[in-house]
Each structure stands twice: as structure tokens, then as C-alpha cells.
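I have placed the structure first, in the form of C-alpha cells, so that the comments after it can refer back to it.
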Number of protein chains: 2
Amino acid sequence: MARPERKTVRDVRKGNRGMLLRTLYFGGPRSRHELTGLTGLSAATISTMTGDLLTEKILMEAGQVDSDGGRPRVLLRVNPVYAYLIGVDVAETHVRVELFDLEMTEKARVDYTLRPSHHDIELVARRILAGIDVVLADGQVTAAQVLGVGIGVPGIVERGAPDALIHAKTFGWDGVPLGALMRAGTTLPVFIDNGAKTMGQAELWFGAGRGADHAVIVLIGSGVGATVVADGQAVRGTSNSAGEWGHTKIEMNGRPCRCGSRGCLEAYIGAEGLLARAGVPVQTTDWPSALGRVLDDGGPVVDETVTYLGTGLANLINMLNPERILVGGWAGLMIGERHLDQIRVVVGENSLTQPYNATSIVLGELGPDAVAMGAATLVLEEFLDTSAPLRLHAAS
Amino acid sequence: MARPERKTVRDVRKGNRGMLLRTLYFGGPRSRHELTGLTGLSAATISTMTGDLLTEKILMEAGQVDSDGGRPRVLLRVNPVYAYLIGVDVAETHVRVELFDLEMTEKARVDYTLRPSHHDIELVARRILAGIDVVLADGQVTAAQVLGVGIGVPGIVERGAPDALIHAKTFGWDGVPLGALMRAGTTLPVFIDNGAKTMGQAELWFGAGRGADHAVIVLIGSGVGATVVADGQAVRGTSNSAGEWGHTKIEMNGRPCRCGSRGCLEAYIGAEGLLARAGVPVQTTDWPSALGRVLDDGGPVVDETVTYLGTGLANLINMLNPERILVGGWAGLMIGERHLDQIRVVVGENSLTQPYNATSIVLGELGPDAVAMGAATLVLEEFLDTSAPLRLHAAS
DNA sequence: ACATGTTAGTTCAATGCGTGAACGAAACGG
DNA sequence: CCGTTTCGTTCACGCATTGAACTAACATGT
């Protein structure tokens with residue numbers, strides 16, 4: 001019963017403008033003439049709207065194309081340097097801040113190493129704020145040119161007024177108001193979400209999920225999570241914690257999981273559980289190469305992993321009927337690169353024919369670096385929806 | 001990446017009108033003055049819009065209320081006899097056709113018994129068409145007063161142009177074009193969906209799900225299904241087959257399921273599987289009372305059922321973070337009435353704290369009769385969205 | 001009986017938006 | 001240089017919401 005908002009004539013413009021911007025952003029350079037077909041708007045409207053967007057410098061011309069026998073069409077595109085986006089990846093071992101232009105080309109980046117158990121929220125906030133200054137300087141961009149900062153963090157991000165609260169057990173964060181801390185140090189708009197979700201968003205917009213309206217993006221690292229996309233929108237749930245796929249029980253009295261329960265999917269297909277099952281010593285530090293060895297050696301543990309993963313994916317297919325499933329995360333990619341075909345077979349055996357046939361299962365394209373990019377996407381999304389002009393926050 | 005449609009000024013009206021109609025439909029009688037606050041629209045707009053709706057007879061006045069010291073406010077409400085809706089429940093043993101007024105008060109009903117293995121699609125279509133005539137006669141309503149016919153059927157309803165196709169194994173239906181058959185016999189608009197989904201829709205709109213934006217409605221009969229609601233919208237998936245919860249694998253090498261696989265939830269908590277596990281002879285015909293005896297006697301089978309159901313619900317909570325879970329279906333209600341508290345405990349043990357605390361688990365209110373009502377709701381939804389005037393289809 | 005105040009609802013000019021039709025611009029071919 | 005074709009712009013029009021002015025319908029006090 002999602003209540004629609006009151007609408008007025010100006011919302012019409014806002015919506016159509018956003019649609020035009022989106023088609024131009026994702027649909028490459030286009031002439032005004034082509035845009036009438038793509039958007040359904042009349043030539044008159046396209047003309048006035050592109051006029052506005054050109055004088056605002058959100059769009060720019062991009063050459064001409066001969067059209068046999070008539071006036072050549074002028075191509076338009078989104079101006080990649082109209083504004084910039086900042087994406088932040090807060091992970092267990094580092095804080096990374098990246099500066100992107102509007103086309104998501106990376107312009108600058110800075111990494112800060114976090115010592116284990118140095119996840120003090122104040123420290124992290126200081127690192128982020130310092131990082132912002134650094135990338136702005138490196139990229140020769142002023143704060144006034146930046147649309148906002150997106151931050152991907154571990155754990156559950158509880159969105160709500162007045163402020164998003166972050167719960168991250170492994171960091172010792174329990175209801176931490178990162179947004180408020182940021183706002184104390186910068187006037188840029190701040191968007192915060194779970195890192196797995198921002199990565200899912202990145203895959204959906206720029207990776208293997210492009211164009212999918214119904215998708216599930218599965219992230220397998222040492223933990224396991226998922227982003228569910230229905231009708232083109234990420235499903236967030238009532239307190240923004242949807243997507244905790246890792247603690248789905250798939251075996252009634254199965255292996256103990258670090259969450260305290262038993263039989264969780266994560267205990268089987270998460271890197272930590274997988275390595276433990278394969279008998280890799282816990283003190284191993286280079287998990288990726290250890291995992292590579294286990295996967296290459298094969299054996300029952302690997303077969304089991306394929307079975308569990310395939311079954312878990314089959315459950316998602318039955319329940320959500322996506323058109324595409326993306327397998328990502330560093331461990332997910334390693335497993336998928338070696339065994340995707342077998343996984344597909346297991347999925348086929350454990351899902352209903354009709355939804356199975358409607359789904360394709362593919363690997364993620366972007367890799368683990370995409371957390372920051374996905375975080376920046378939060379800002380981009382806002383911009384494409386509202387195409388808010390630059391800007392009100394540039395004050396301080 | 002759900003593409004927004006081109007919008008024009010007239011769409012603004014359509015949207016606002018729909019919103020007004022919805023607030024009045026669900027928010028009881030209201031004065032124009034109250035509506036300005038509830039909708040956010042200006043008094044001027046409310047005035048003109050209610051004026052239109054009154055002359056169209058979609059709204060009617062509903063008495064006055066003194067307002068201390070000033071002009072009394074005139075209450076407005078949706079006119080329940082402005083139009084009627086027809087809902088159809090196609091089940092294994094019967095075809096039921098019901099006539100409702102706009103407020104979902106039942107005006108007439110007719111049942112046709114289906115002999116097992118007489119699920120010929122032509123026969124079913126004839127029954128429905130005959131039933132429509134009967135309820136119209138009984139209810140003294142003309143076809144021109146009916147907004148449309150909603151039909152809830154078993155199996156998967158593949159929506160798509162030009163026609164919805166129905167796949168129902170148990171009926172021997174494989175890609176059956178029920179919509180086309182209906183259109184050959186009536187000019188009324190026809191809406192078709194899975195019966196479990198229509199029932200979920202009924203619970204969501206008129207039952208225990210009222211007002212929930214994020215909910216899962218779980219239906220346990222002899223089979224097991226679910227309706228997922230995210231942001232107030234049912235999640236349908238890419239081919240409208242989302243919600244096949246019953247065949248979620250919850251035990252890797254568990255009981256065989258009638259779907260051919262093993263370890264499906266349905267094999268444990270579906271009525272058929274439950275009775276089989278309790279050792280009830282397969283030829284028993286009165287399943288409900290047999291189930292009642294099993295549940296009342298208690299014992300390990302019941303405990304196990306509670307565990308499986310609770311775990312299954314916990315998985316849903318982790319994955320989808322709903323604000324409410326409804327347990328329905330005749331078997332679900334029987335289990336829930338006796339063991340809901342224990343189920344809640346199991347759910348708590350198997351789900352993450354944060355999403356668990358955000359959820360309430362309740363029983364459905366409407367019972368198994370709600371399939372037809374939910375089907376009629378499909379028509380109502382269309383009407384509230386478009387408030388399409390009566391009508392274009394009244395031709396023949 | 002009548003003036004006054006209060007609340008509810010309506011009317012109207014102003015503003016904004018998309019559209020179709022008329023118009024202008026920029027190429028090509030001969 | 002001219003006709004044709006295609007691309008893009010301009011402008012009057014219809015339709016939407018809105019704030020402000022206005023009317024309607026009551027209670028209260030004198």
C-alpha cells in the first residue's frame with residue numbers, strides 16, 4: 001500500500017527530465033531526434049529540455065552524424081565533467097576514498113590502512129574526511145563541483161530520521177551515527193549503505209546486471225550477502241536490512257556458524273567456512289590463495305560447496321523469479337570461474353522448471369573494488385532522479 | 001532500472017485522483033477539509049476533484065459533522081454501489097464465482113463442483129461464464145455495472161502479451177490461454193493470477209496485512225506458497241512466478257517431495273507431507289480433521305513441524321526484512337492457532353536480531369474463502385489506480 | 001432579531017508543463 | 001541556385017495545481 005505522493009505540474013518536468021537524463025546517460029550519445037523516440041516525448045519538449053540542460057552544462061554536444069540528404073543530427077551526451085562523485089569503501093582492513101567523474105571514471109583515489117581492532121568510529125570518520133580532501137586536491141576538483149559522498153560500510157545500516165545508524169558487530173559498532181559525524185566535517189551530501197549493497201548496485205548499473213529489472217546479486221567473501229532487485233529497485237525491507245542471505249538455514253542441524261546458529265549457508269560457502277571444511281589452518285592469512293588451492297585440488301569439499309551454493313541459488317530462483325543472478329565477491333568469483341557450469345546443473349535440479357528457464361546465472365564483472373564505485377552510485381542515482389542543479393550545500 | 005514512463009499534465013490528475021480515491025476508500029468517510037491534509041492537495045484541487053467524482057457518482061455524501069462554531073463539514077465516501085466486481089476461485093474441487101460491491105461486500109455467489117480429473121479448460125471456462133451470469137442475475141446487477149472479473153487459478157500464471165498462459169501440473173494445464181477463452185464469452189475486462197497470490201492480496205488489503213509496506217504472506221495448505229510484498233507492491237518476478245516458497249530446500253538430503261526433489265519445505269510443513277510424516281493413511285479424505293488430531297496429539301512430528309516452519313520463516317525474515325509476516329492457508333491457520341508462540345521462539349533463534357525485532361508474526365484473518373475476494377481485488381486495484389469511468393467494454 | 005466570529009467549501013487569475021502545427025536551419029543532388 | 005529531405009525551434013493551446021479572494025453555513029452574544 002505504498003502511498004503515492006501528491007504531484008503537481010512541476011513534478012512532471014522533474015520526472016521527464018530525469019528520464020531524459022537517464023536515457024542519455026545509459027544510452028550513449030543521441031540526437032534530439034532520436035530522443036523523441038526513446039523517451040516518448042515530443043520534439044518540442046525535447047528541444048526545450050535539452051536547451052535547459054545544455055545551458056546548465058549538464059549536457060554537451062558530441063559531434064554530428066550525417067543523415068542522408070537532410071540536416072545532420074547533432075549528438076548530445078552527458079557532460080562527464082559537469083560534476084564529480086565521491087565513493088568511500090569502509091572495510092575491515094582499509095578505508096578507501098575514490099573520486100569519480102559523472103561517467104564513473106576514476107579520477108583519484110587514496111587508501112588508509114586500518115589496523116585490526118582500530119575501528120574507532122571517530123578515527124574512521126577522520127580518515128574519510130581527510131581522504132575527501134586528498135582526492136579533491138589530487139583530482140584538481142573543488143568541493144563545489146562534487147554532488148555528494150557515498151559510503152559503503154559493513155553491517156546493517158538502519159535508515160531513519162534523523163540519522164542513519166550503523167550496526168556492525170565485527171567493528172564493535174552498535175548504532176553508530178556516521179552520517180552525523182560526516183556532516184560535522186563536510187557540507188557535502190552524504191549517503192550511507194551497506195557495502196555489499198553498494199557493490200550490488202555497482203554490478204546492477206555498470207556490471208553484469210545492466211538492464212535487468214529482476215535480479216539477485218550474490219556476494220560471497222568471507223561472509224555472504226545478497227542484493228535483491230525487483231522491478232528495477234533494490235529491495236531494502238522495512239529497516240533496510242534485507243539481503244542477509246548468508247544466514248539462511250539450508251541444513252537443519254548443520255555446521256555451526258559464526259552467527260551462533262547452525263546450518264547457515266555462510267558456514268558452507270563463505271570463504272571462512274569453506275576453508276575450515278577443507279581443513280585449512282585457521283591462522284592462514286592469505287585466504288585467496290588458500291582458497292584457490294582448495295578449489296583447484298577438487299575433492300568432496302568442493303563438490304559439496306557447489307551443491308550448497310547451487311541449492312541456495314535455486315531457492316532464490318524459486319522464491320524471487322529473477323531474470324538474472326550475478327555471483328560476485330572475491331570468493332564467489334573464484335568458485336564461479338572454476339565451477340559455474342556445475343553450479344548451473346545443481347540449480348536446475350533444485351528449482352522449478354519455469355522460473356529456472358527464465359534465469360541466467362552469470363559472474364559479476366566488477367570485482368571487489370566496486371564497493372566505492374557502488375557507493376558513488378548512490379549519489380549518481382539521486383542526481384539522475386532529481387538532476388538537482390549545483391548547488392545549495394556549497395556554502396561552507 | 002525500471003524506466004519511468006513519459007508523463008504529461010493529465011497523468012498528474014490521474015495520479016492525484018487515484019490517491020484521493022484510495023485515501024477515501026481505506027480512510028473511511030472524510031470531509032473535503034480533512035482530505036486536504038491527508039492528500040497534501042490544496043483545498044481548491046480537492047474541491048474540483050470531489051466535484052467531478054460526485055457527479056460521476058463514484059463518491060457520495062455521507063452525512064455531516066458539526067465543527068464547533070463553524071460551517072459543518074460534509075463527509076464524503078466511496079459509493080459502494082457505483083460499480084461491482086466479480087471474483088472467481090478456480091480450485092481443485094470447485095469453481096466459485098462471487099459478486100462484490102465496491103466495498104467488497106458479497107452480493108451473490110455460486111459454486112460449481114468439479115469432479116476430479118474433470119479440469120478440462122473449456123469446461124472450467126464455461127462454468128465461469130455461466131457463474132458470471134448467475135451472480136449478476138442473483139445480485140440484480142447488469143454487466144455494464146461490473147468493472148471486471150478477477151480469476152484466481154492454481155499454478156503459475158505467465159503474464160505476457162498477448163495473453164496470460166497458465167501452467168498447472170495438477171490440472172494438466174500447460175500453457176492454457178484462459179484469458180482468451182474468457183474474452184470469447186464476455187466483454188468484461190479479465191484479470192488472472194495465481195490463487196495463492198490473490199489470497200495474499202486479500203489479506204494485504206483487507207485482512208491482517210492492512211497498512212503493511214513490507215510483508216510476506218505465507219500460505220500453507222496441501223501445498224505451500226508465499227506472496228512477497230516490498231514497498232507496498234507484490235513482487236512478481238520476471239515471469240510472474242515469484243513466491244514458490246514451498247520448494248525451498250531446507251534440508252540437503254531430506255524427505256522426497258512431490259516435486260521430484262528432496263528436502264523441500266513443503267514436504268515437512270505442507271498438509272500432505274505433515275500427515276504422511278505423522279503416519280496418517282494416504283487414503284484419508286478429511287484432511288483438516290486428520291490434521292487437527294495430529295496437531296492436538298502433539299509429539300515429535302508436531303515439534304518438528306514447528307521447527308521447520310519457524311526456520312523457514314526465519315529465512316524469509318533474514319532475506320526480506322518484512323515488517324509483518326502473515327501465516328495463512330487452512331493448514332497454516334490450524335498450525336498457527338495452536339503453536340504460534342513456539343513458532344515465534346524458533347524464528348527468534350534462527351534469524352538475526354535486528355530484522356527479527358522489526359517483524360511481527362501474525363495469523364491471517366480471512367481464511368481460505370478469500371481467494372475469490374483477492375481475485376476481485378485485482379479489479380479493484382485497477383479501478384483505484386485509474387478510476388476509469390464506466391465504460392468502454394459494455395458494448396456487447 | 002441581528003451582528004460577529006469561525007470553520008468549510010468554491011471560484012478565479014496566475015503559473016507551469018507537454019503538444020501539435022507552423023516555421024526555420026542545414027545538409028544533399030542536380 | 002533550387003527543390004527535397006531531415007533536424008530542430010517557436011508559439012498558441014489545453015490542462016493541471018495553487019493562493020487569494022469569496023461565499024456558505026453554522027454558533028454565540030447581545
Side-chain angles (χ1 to χ4, degrees), chain A residues 4-21 23-24 29-56 59-77 386-387 389, chain B residues 4-21 23-24 29-56 59-77 386-387 389:
Chain A
E5 291 280 291
R6 174 201 71 153
K7 289 270 186 297
T8 159
V9 265
R10 298 168 101 125
D11 295 312
V12 175
R13 173 74 106 172
K14 204 183 286 181
N16 287 337
R17 193 172 136 122
M19 180 182 54
L20 188 149
L21 216 47
T23 45
L24 227 32
R30 295 285 178 178
S31 71
R32 301 178 225 277
H33 197 74
E34 291 172 301
L35 286 172
T36 63
L38 291 168
T39 61
L41 293 164
S42 71
T45 304
I46 294 290
S47 185
T48 60
M49 245 168 18
T50 53
D52 287 358
L53 289 165
L54 279 167
T55 59
E56 293 175 55
L59 296 186
M60 58 188 286
E61 300 198 344
Q64 303 201 163
V65 167
D66 287 2
S67 91
D68 36 19
R71 174 175 173 176
R73 51 190 68 178
V74 176
L75 295 180
L76 301 175
R77 55 173 296 192
T386 68
S387 70
Chain B
E5 291 280 293
R6 173 202 71 152
K7 289 268 186 298
T8 160
V9 266
R10 300 168 98 126
D11 295 311
V12 174
R13 172 75 106 169
K14 204 183 286 181
N16 286 336
R17 194 172 132 123
M19 180 182 52
L20 189 151
L21 216 46
T23 46
L24 227 32
R30 295 286 178 179
S31 71
R32 296 169 173 74
H33 196 75
E34 291 172 302
L35 285 172
T36 63
L38 290 168
T39 62
L41 293 164
S42 71
T45 304
I46 293 291
S47 185
T48 60
M49 245 170 15
T50 53
D52 287 358
L53 289 165
L54 280 167
T55 60
E56 293 176 56
L59 296 186
M60 59 187 286
E61 300 198 345
Q64 302 200 164
V65 167
D66 287 3
S67 95
D68 37 20
R71 174 176 174 175
R73 52 190 71 179
V74 176
L75 296 181
L76 300 175
R77 54 172 297 192
T386 67
S387 69

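Naming convention: chains lettered A, B, ... in sequence-line order (proteins, then strands); numbering from 1 in each chain.
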To the nearest Å, how far apart are [X] [atom1] and [N] [atom2]?
| X | N | atom1 | atom2 | answer |
| --- | --- | --- | --- | --- |
| B/H33 | C/dT10 | NE2 | P | 13 Å |
| B/E5 | C/dG18 | CD | C1' | 15 Å |
| A/L20 | C/dC17 | CG | P | 15 Å |
| A/K7 | C/dG18 | NZ | P | 14 Å |
| A/R10 | C/dA14 | CZ | C1' | 12 Å |
| A/L59 | D/dG8 | CG | P | 13 Å |
| A/R30 | D/dG8 | CZ | P | 13 Å |
| B/K14 | D/dT17 | NZ | C1' | 18 Å |

Working for side chain to side chain contact (heavy atoms under 4.5 Å, CB included), residues A/N16 and A/T45: CA-CA 9 Å; A/N16 287 337; A/T45 304; 5.6 Å; no
When you measure from the side chain of B/S47 to the backbone of B/A43, do you find a donor-acceptor pair of N or O atoms at a distance under 3.5 Å? no
At under 4.0 Å, does any side-chain N or O of [X] touch on OP1 or OP2 of [N]?
| X | N | result |
| --- | --- | --- |
| B/R13 | D/dT17 | yes |
| A/R32 | D/dT9 | yes |
| B/N16 | D/dT17 | yes |

Distances under 3.5 Å only, N/O to N/O: pair up the protein atoms with those of nucleotides 25-27 of chain D.
residue	atom	partner	partner atom	Å
D/dA25	N3	B/R71	N	3.3
D/dC26	O2	B/G69	O	3.2

Spatial distance of atom [atom1] ([X]) from atom [atom2] ([Y]) [nearest 0.5 Å]:
| X | Y | atom1 | atom2 | answer |
| --- | --- | --- | --- | --- |
| A/I46 | A/R32 | CD1 | CZ | 10.0 Å |
| B/L21 | B/T50 | CG | OG1 | 11.5 Å |
| A/D11 | A/R6 | CG | CZ | 7.5 Å |

Assess the residue pair B/L53 and B/L24 against the criterion (side chain to side chain contact (heavy atoms under 4.5 Å, CB included)); give the C-alpha distance rounded to whole Å, side-chain angles, the decisive distance to 0.1 Å, and a yes or no. CA-CA 12 Å; B/L53 289 165; B/L24 227 32; over 6 Å; no
Check each residue of residues 38-50 of chain B for a non-hydrogen atom within less than 4.0 Å of any atom in DNA chain D, then write out the ones that pass by number, or none. B/L41, B/S42, B/A44, B/T45
Taking the side chain as every heavy atom from C-beta outward, state whether B/K7 and B/V12 have any pair of such atoms under 4.5 Å apart.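 No, their side chains stay 4.5 Å or more apart.
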Counting C-beta onward and ignoring hydrogens, is there a side-chain heavy-atom pair between B/E61 and B/L76 closer than 4.5 Å?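 Of all side-chain heavy-atom pairs linking B/L76 with B/E61, at least one is under 4.5 Å.
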All salt bridge (charged side-chain N to carboxylate O under 4.0 Å, His left out) counterparts of B/R77, not counting sequence neighbours: B/E103
Touch check for A/V12, heavy atoms < 4.0 angstrom, all strands: base, sugar-phosphate only, or nothing? sugar-phosphate
Testing C/dG9, C/dC17, D/dT18 for proximity to the side chain of B/V74, the answer is C/dG9
